[in-house]
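All values below come from the heavy atoms of this structure, side chains included, with hydrogens, waters and symmetry mates left out. Order of listing sets the numbers, starting from 1, for every ligand and every atom in it.
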Amino acid sequence: MNKNLENYYQDMGISQKVFNLCQEIEHSLKERFEKIDYVTECNQLKVLKAMQDHHLSESHFAPTTGYGYNDTGRETLEKVYASIFHTKAALVRPQITCGTHALALALSANLRPGDELISPVGKPYDTMEEIIGIRPSKGSLAEYGITYKQIELLDDKSFDYYSLQNAISDKTKMITIQRSKGYLTRPTFSVKQIGELISFIKQINPDIICMVDNCYGEFVELDEPSDVGADMVVGSLIKNPGGGLAPIGGYICGTKECVENAYYRLTAPGLGGEVGASLGVNKDFFQGLFLAPQVVGGALKGAIFAASLYEYLGYECTPAAAESRHDIIQAITFHDPDKVIAFCEGIQYAAPVDSFVNPTPWAMPGYDCDVIMAAGAFISGASIELSADAPIHEPYTVYFQGGLSYDHAKFGIMKSLAQLESKGLIHIPS
Ligand SMILES: *Cc1c(COP(=O)(O)O)cnc(C)c1O
């Protein structure tokens, strides 16, 4: 029997009503998707050129062990990253355990006792609070005598240049700028906006180090923050630049001095970047990076599809369906815990791994309420793979991101709607 697309979706538990609505929504996004394809194509060539320019070859995939001296794969990988981000140097290692670690490394390597760090974009990502010592924490920057100031965004979510200018002093050594909204409700900043902020800071004092937390932002735009003046860009390899294949890791791309400091901090004074065995992960780092523009493009389309669908059904989406995108995170506000739970169940049931598992709200360390998480990933915790999570409190917002392919992201969203429908929580207009 010849099956058509609708039959395949039926086999996966998608009703005709959900199928028809989703096909219609997808149809309306054609031009939007073409613009994303354009960015993907440019970024694909950018990544490919960097690999060719540095003569990537099969020998670079060979594993090293022990001290890892003369690991040409590792050296080439770091050169390729530096080329892509247009920086003088890069540190890209499996010894960096996650994004938080990469950020802690970039900060602690470049700040000294008596220095001051400023965030001009309001509260940083949750885990940054403990690195900085906003929440008292063992080993925080605060314990080492590094002070911190935070400038809130103005009511219209623009930068408070006036307060920032007043806050900057002789002690100000570094500014930290988080590109993505993360799990906050503020908008994600465009690379252009970040460039304007950096220009303003550099005009006050060009020696201030401007660091950008680039998590979830890589390859979303044609430029990266390092193209508009950032001294350091920092991120996680189990998000965008790992392309879903990197099994661990983080990166810091930036000026020679900033990255060198990070080498010495990661390993030891005197050792620096000369040690650090790659243990056979190089091939996945390269191949994931090669695929990353495609994967990010698919995740972006998924986010736009989700916003378009749920906005049509009457729910508030951040960013809104028609808004421009600067990261891959999509927030949908349900104002109803049952809907949040059903949404996450749908995402879980759509996963290639652990699709039979029921996600339930649970108390999590670092949160002051129960949190529900849906993820069925090949790489544990990788949020470039299809995933969703939500703190169970007003306004009952679910954060959705990733998908290694657009088709899978789309199916996850369809499954979320199917779950809402089957629980009688949503009425789908016919
Ligand atoms: C994910 C993320 C981090 C932390 O990364 P982990 O790998 O989860 O430690 C930091 N900042 C932002 C904006 C992020 O999205």
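The pair Lys149-Glu116 meets the salt-bridge criterion, with a side-chain N (NZ, NE, NH1 or NH2) lying under 4.0 Å from an Asp/Glu carboxylate O.
Protein heavy atom closest to atom 11 (N) of ligand 1, with residue, atom name and distance, is Asp213 OD2, 2.6 Å. At the top of the distance list for atom 7 (O) of ligand 1, counting protein heavy atoms only, stands Gly99 N, 2.7 Å. At the top of the distance list for atom 9 (O) of ligand 1, counting protein heavy atoms only, stands Thr100 OG1, 2.5 Å.
Of all atoms in ligand 1, listed by their number and element, those nearer than 4.0 Å to a heavy atom of Tyr125 are 1 (C), 2 (C), 3 (C), 4 (C), 10 (C), 11 (N), 12 (C), 13 (C), 14 (C), 15 (O). Within ligand 1, counting atoms from 1 as listed, the ones closer than 4.0 Å to a heavy atom of Tyr216 are 15 (O).
Contacts of Lys239 with ligand 1, taken as heavy-atom pairs under 4.0 Å, involve the side chain alone. The proximity of Leu103 to ligand 1, defined as any non-hydrogen pair under 4.0 Å, is limited to the side chain.
Within 6.0 Å of the CD atom in Glu143, the count of heavy atoms belonging to other residues, nucleotides or ligands exceeds 12.
For the pairing with His326, the side chain to side chain donor-acceptor pair (under 3.5 Å) check across Gln193, Glu221, Lys192 returns one residue only, Glu221. Among Ile248, Leu237, Asp284, the one residue that satisfies the side-chain contact (heavy atoms from CB on, under 4.5 Å) test with Pro94 is Ile248.
For the pair Leu289/Val47, a side-chain contact is recorded, criterion being any heavy-atom separation below 4.5 Å from C-beta on.
Ring orientation note: the planes of Tyr251 and Tyr81 are tilted relative to one another, at an angle of 30° to 60°.
Any N or O atom pair closer than 3.5 Å counts here, and Gln178 shares no such pair with ligand 1.
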